[in-house]
Amino acid sequence: QVQLVESGGGLVQAGASLTLRCSGSGGTFSSYAMGWFRRAPGKEREFVAAISWLGTSTSYADSVKGRFTISRDNAKNTVYLQMNSLKPEDTAVYYCAAPESRYYRLRELDYYYWGQGTQVTVSS
């Protein structure tokens, strides 16, 4: 059983940067791929980024490609989401999640473990 806890959200102005962190415990964190998803007000939860268990493969949604970077430190059981050039449309609750796989997945239904989420608000 893996527990995931996100942190690092907040209120920022457009153009600013934030780094989200997801700390894992209770399982073999380094054995799982990891993903970030987000849910904007009134919208469905959507895929943002994912990374394989060793961090050698990554994938990004088109809307964040070139602005967001996902990375992980397995020694610290932590995955990061560096968000640059933030836009008001990036406002959402951000969730980290883990599938029961070493290789990342793009679909929400493939993820088994979820954190509680952290709010990111970008003002214009």
Student check: side-chain heavy atoms of Tyr104 and Ser57 closer than 4.5 Å:
yes
Mind checking salt bridge (charged side-chain N to carboxylate O under 4.0 Å, His left out) for Arg39 and listing every partner two or more places apart, or none if nothing turns up?
none
Nearest heavy-atom neighbours spanning Ala33 and Pro99:
O-CD, 3.1 Å
Shared hydrophobic cluster, Val79 / Leu106 (ILVMFWY, side-chain heavy atoms < 4.5 Å)
no
Just so I know, are the side chains of Gln116 and Val5 near enough to count as touching, which here means a heavy-atom distance under 4.5 Å?
yes
Report the C-alpha distance between Arg38 and Val64 in whole Å, list the side-chain angles of each, state the deciding distance to 0.1 Å, and finish with yes or no for side-chain contact (heavy atoms from CB on, under 4.5 Å).
CA-CA 12 Å; Arg38 67 185 182 186; Val64 307; 3.9 Å; yes
Determine whether Met83 and Arg67 satisfy the following criterion, side-chain contact (heavy atoms from CB on, under 4.5 Å), listing intermediate values before the conclusion.
CA-CA 6 Å; Met83 305 186 295; Arg67 299 187 299 123; over 6 Å; no
Within residues 11-37 or reaching into it, pairs that qualify as ring-ring contact (aromatic ring centres under 6.0 Å, His included) - sequence neighbours excluded:
Tyr32-Tyr113, Phe37-Phe47, Phe37-Tyr111, Phe37-Trp114
Can you check whether Cys96's main-chain N or O pairs, donor with acceptor, with Glu6's side chain at less than 3.5 Å?
yes
Does any pair with a residue in residues 54-95 pass ring-ring contact (aromatic ring centres under 6.0 Å, His included), and if so which ones, sequence neighbours excluded?
none
Indicate the atoms forming the closest heavy-atom contact of Ala49 with Leu81, along with that distance.
CB-CD1, 4.2 Å
Please list all pairs passing the salt bridge (Lys or Arg N to Asp or Glu O under 4.0 Å) test where one or both residues lie in residues 53-63, with sequence neighbours left out.
Asp62-Lys65
Between Thr118 and Ser7 (side chain of the first, backbone of the second, donor and acceptor by atom type, cut-off under 3.5 Å), is there such a pair?
no
Minimal non-hydrogen separation, Ser23 against Thr78, with atom names:
OG-OG1, 3.9 Å
I need the minimum non-hydrogen distance between Ser52 and Arg72, along with the two atoms involved.
O-NH1, 3.0 Å
Starting from Tyr103, walk the hydrophobic network (Ile, Leu, Val, Met, Phe, Trp, Tyr; side-chain heavy atoms closer than 4.5 Å) and list everyone else you reach, by chain and number.
Trp53, Leu54
Atom pairs and distances, side-chain donor-acceptor, residues 8-22, under 3.5 Å, sequence neighbours left out:
| unit_1 | atom_1 | unit_2 | atom_2 | d |
| --- | --- | --- | --- | --- |
| Ser17 | OG | Asn84 | OD1 | 2.9 |
| Thr19 | OG1 | Gln82 | OE1 | 2.4 |

So, Thr91 versus Glu89: side-chain donor-acceptor pair below 3.5 Å or not?
no
Rounded distance (nearest 0.5 Å) linking atom OG1 of Thr56 with atom CZ of Arg102
11.5 Å
Here the gap from Ser63 atom OG to Asp90 atom CG, rounded to the nearest 0.5 Å, amounts to 7.0 Å
Taking a hydrophobic cluster as the set of Ile, Leu, Val, Met, Phe, Trp and Tyr residues connected by side-chain heavy atoms closer than 4.5 Å, whether directly or through intermediates, do Val120 and Met34 fall within one such cluster?
yes
